Amino acid sequence: LDNAVKYTTRPPEIVISTTSSQGHVVIRIGDKGTGISRENQRKVFHRFYRVPTGNVHDVKGFGIGLNYVKLIVESHQAKISLESEPGKGSIFTIRFPAA
């Protein structure tokens, strides 16, 4: 949620939804922020990784938030995934086993 607020150029729009599917509880967090390129999507869960912004440092952070999220999600035997497109936003999906 913090990243959805930080990485947008307009007022934040965040949608959180929950569903159950195939024995899982699914939580989706979506935004209409700046989005993340496919190349960077593979790295955003790595510790200390921040999407490069060139020489502009207008957003504070250390690149550990999404790494912590992934560690917590996995400690509950769940999985997290990301769908994103630059300029259109991101959707993070967390799938917890229902049992």
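Note that the coordinates shown come from a computational prediction; the quantities given were computed from them, not determined experimentally.
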Should [X] and [Y] be regarded as members of a common hydrophobic cluster, given that ILVMFWY residues are connected when their side-chain heavy atoms come within less than 4.5 Å of each other, either directly or indirectly?
X	Y	value
Ile29	Leu71	no
Ile14	Ile27	yes
Phe92	Ile64	no
Leu1	Phe45	yes
Tyr68	Leu82	no

Taking atom NZ of Lys70 as the centre, does the number of heavy atoms from other residues, nucleotides or ligands within less than 6.0 Å exceed 12?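 Count not over threshold, so no.
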Would you name the heavy atoms of [X] and [Y] that are closest together and state the gap between them?
X	Y	value
Pro12	Ala4	CB-O, 4.3 Å
Ser90	Gly35	OG-CA, 3.9 Å
Gly61	Arg50	O-NH1, 3.3 Å

Is [Y] close to [X] at the side-chain level, that is, under 4.5 Å between some pair of heavy atoms?
X	Y	answer
Thr19	Arg28	yes
Thr8	Lys32	no
Val51	Tyr7	no
Leu66	Asn3	yes
Asp31	Val5	no
Arg95	Gln22	yes

Using 0.5 Å steps for rounding, measure from the [atom1] atom of [X] to the [atom2] atom of [Y].
X	Y	atom1	atom2	result
Arg42	Glu39	CZ	CD	7.5 Å
Ile80	Phe96	CD1	CZ	8.5 Å
Ile94	His76	CD1	NE2	11.0 Å

Can you name the residues that form a salt bridge (charged side-chain N to carboxylate O under 4.0 Å, His left out) with Glu85, not counting sequence neighbours?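 Salt bridge (charged side-chain N to carboxylate O under 4.0 Å, His left out) list for Glu85, sorted by chain: Lys88.
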Any chance the side chains of Asn67 and Tyr49 put a donor and an acceptor closer than 3.5 Å?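 Judged by distance alone, the side chains do not pair up.
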